[in-house]
Amino acid sequence: MAQTDKPTCIPPELPKMLKEFAKAAIRSQPQDLIQWAADYFEALCREMPPVRERSEQAALCNWTELTPELLKVLHSQVAGRLIVHAEELAQMWKVVNLPADLFNSVMNVGRFTEEIEWLKFLALACSALGVTITKTLKIVCEVLSCDHNGGSPRIPFSTFQFLYTYIAEVDGEISASHVSRMLNYIEQEVIGPDGIITVNDFTQNPRVRLE
C-alpha cells in the first residue's frame, strides 16, 4: 500500500461520541460486547450521518433548534399526563419541527418503549441543552414552573427529587450517596413549609453542589 503524508483528521465530536458509547455500554451490560458495539455504531451511522451531510440534511429539512420555549410547548400539549404514548409524542415532536435524530437519541438513552414517562423524557431532552446536571435541572424547572410573577422558577421539591435522582442515575458519574446527601440537605435546610424549591435554591447556594 502506498505511503501518504496526508494527516489523519480526527472529528472534534469523537471524544463525546466515545463517552456516550461507554455510558450506553455500561447501562446495557451486553453479553457480546463486540456485536453490541457493531450494532450500536451501525444505528448511530443511520441516525447521524457525517458532519457535512448532517449540515446539508438540516438545511434541506429546515429543522428547528431545540429550545426551552419549545419544550414548554410540548409540556403544555402533554397537559399534565404522567404517561405519553411514543407515537403521540413523536407526532408532537414532528409538529414543532424538531430533529428526528434528537428524538431517537432521547428514546435510546432513556430506553423508552411504547409508554413514556413524560418527566423522564423531558429531563433527558433538557440535558441536550443543559450539558451539566445543574443546568439541566435549571431548564427543567423553567419548563415546569407555573410562576409568572417574574421570580425564580419553582417546582415542588418532590418533583425535583425525582428528576435529580433520575438524571444522576442516567449520567452514571455521580454516586447515589452524594445525591442522597444533597437531597437531605436541601429538604432540611433549604425547603420551606410550602415544599417548593426555586432555581436559586440550588444554583445560588454555595453548599448545594449537585455534581
Side-chain angles (χ1 to χ4, degrees), residues 16 19-30 40 66-68 70-86 88-90 92-93 98 101-146 152-191 195-203 205 208-211:
K16 181 179 180 181
K19 181 179 179 181
E20 293 302 322
F21 165 73
K23 285 184 179 180
I26 292 171
R27 286 195 297 269
S28 301
Q29 295 289 307
Y40 176 92
L66 181 64
T67 64
L70 285 176
L71 289 174
K72 273 183 173 288
V73 172
L74 290 174
H75 182 61
S76 67
Q77 292 176 347
V78 170
R81 287 174 292 167
L82 298 179
I83 302 295
V84 186
H85 287 281
E88 180 186 3
L89 186 54
M92 293 179 186
W93 191 272
L98 288 169
D101 61 345
L102 180 56
F103 178 84
N104 293 333
S105 177
V106 174
M107 291 289 290
N108 289 336
V109 171
R111 302 173 75 176
F112 299 118
T113 54
E114 284 302 310
E115 293 188 339
I116 300 170
E117 290 187 62
W118 167 243
L119 286 182
K120 289 184 176 181
F121 184 95
L122 176 63
L124 294 182
C126 288
S127 71
L129 295 169
V131 182
T132 67
I133 287 181
T134 300
K135 289 182 179 178
T136 295
L137 286 167
K138 178 178 181 292
I139 295 171
V140 176
C141 285
E142 291 170 351
V143 172
L144 296 179
S145 179
C146 295
S152 180
R154 59 188 64 208
I155 61 173
F157 175 70
S158 58
T159 302
F160 176 87
Q161 185 176 29
F162 172 81
L163 292 167
Y164 178 33
T165 302
Y166 175 68
I167 296 171
E169 181 181 320
V170 173
D171 181 82
E173 296 184 0
I174 303 173
S175 68
S177 60
H178 178 80
V179 173
S180 178
R181 192 162 55 249
M182 284 296 98
L183 288 173
N184 286 336
Y185 172 77
I186 294 171
E187 185 173 23
Q188 295 174 16
E189 304 294 335
V190 178
I191 302 302
I196 298 296
I197 185 171
T198 72
V199 166
N200 289 343
D201 288 335
F202 62 88
T203 60
N205 188 331
V208 176
R209 297 184 178 181
L210 302 182
E211 300 165 62

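Nearest heavy-atom pair, R209 versus Y164, reported as atom, atom and distance to 0.1 Å: O-OH, 4.5 Å. The minimum heavy-atom distance linking V179 with A168 is given by the pair CG2-CB, 3.6 Å. Between T136 and A123, the closest heavy-atom pair is CG2-O, 3.6 Å. Closest heavy-atom contact between P153 and S145: CA-OG, 3.6 Å. Nearest heavy atoms, Q77 versus R81: O-NH2, 3.6 Å. Between A125 and L66, the shortest heavy-atom contact is O-CD2, 3.6 Å.
For E187, the salt bridge (charged side-chain N to carboxylate O under 4.0 Å, His left out) test picks out no residue, with sequence neighbours left out. Partners of E211 according to the side chain to side chain contact (heavy atoms under 4.5 Å, CB included) rule, which considers only residues two or more places apart in sequence or in another chain, are T132, I133, T134, I174. Under the rule for a side chain to side chain donor-acceptor pair (under 3.5 Å), E189 has no partner lying at least two apart in sequence or in another chain. Checked against side chain to side chain contact (heavy atoms under 4.5 Å, CB included), A90 has the following partners two or more places apart in sequence or in another chain: F103. For S175, the side chain to side chain contact (heavy atoms under 4.5 Å, CB included) test picks out S177, H178, with sequence neighbours left out. Under the side chain to side chain donor-acceptor pair (under 3.5 Å) criterion, Q161 pairs with no residue at all, not counting sequence neighbours.
Going from atom CD1 of I191 over to atom CG of L183 covers 10.0 Å, rounded to the nearest 0.5 Å. Residue I167 holds its CD1 atom at 7.5 Å from SG of C126, rounded to the nearest 0.5 Å. We find the CD1-NZ distance between I83 and K120 to be 8.5 Å, quoted to the nearest 0.5 Å. Between atom CH2 of residue W118 and atom CG of residue L89 there is a gap of 5.5 Å, rounded to the nearest 0.5 Å. With values rounded to the nearest 0.5 angstrom, R154 atom CZ is found 11.0 Å from I197 atom CD1. To the nearest 0.5 Å, atoms CG (N200) and SG (C141) are separated by 10.5 Å.
Between F112 and L124, the closest side-chain pair of non-hydrogen atoms falls below 4.5 Å. Side-chain atoms of F121 and V84, non-hydrogen and from C-beta on, never get closer than 4.5 Å to each other. A 4.5 Å side-chain heavy-atom check between D201 and I186 finds every atom pair outside the cut-off. Side-chain contact between L122 and L144 is present, with at least one heavy-atom pair separated by less than 4.5 Å.
Counting only distance, with no hydrogens or angles, the side chain of S152 and the backbone of V199 share a donor-acceptor pair below 3.5 Å. At distances below 3.5 Å, not a single donor-acceptor pair connects side-chain atoms of S180 with backbone N or O atoms of A176.
Ring centroid separation for the pair F202 and F160 comes in under the 6.0 Å cut-off.
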Test side chain to side chain contact (heavy atoms under 4.5 Å, CB included) applied to E117 and Y166, step by step: CA-CA 12 Å; E117 290 187 62; Y166 175 68; over 6 Å; no
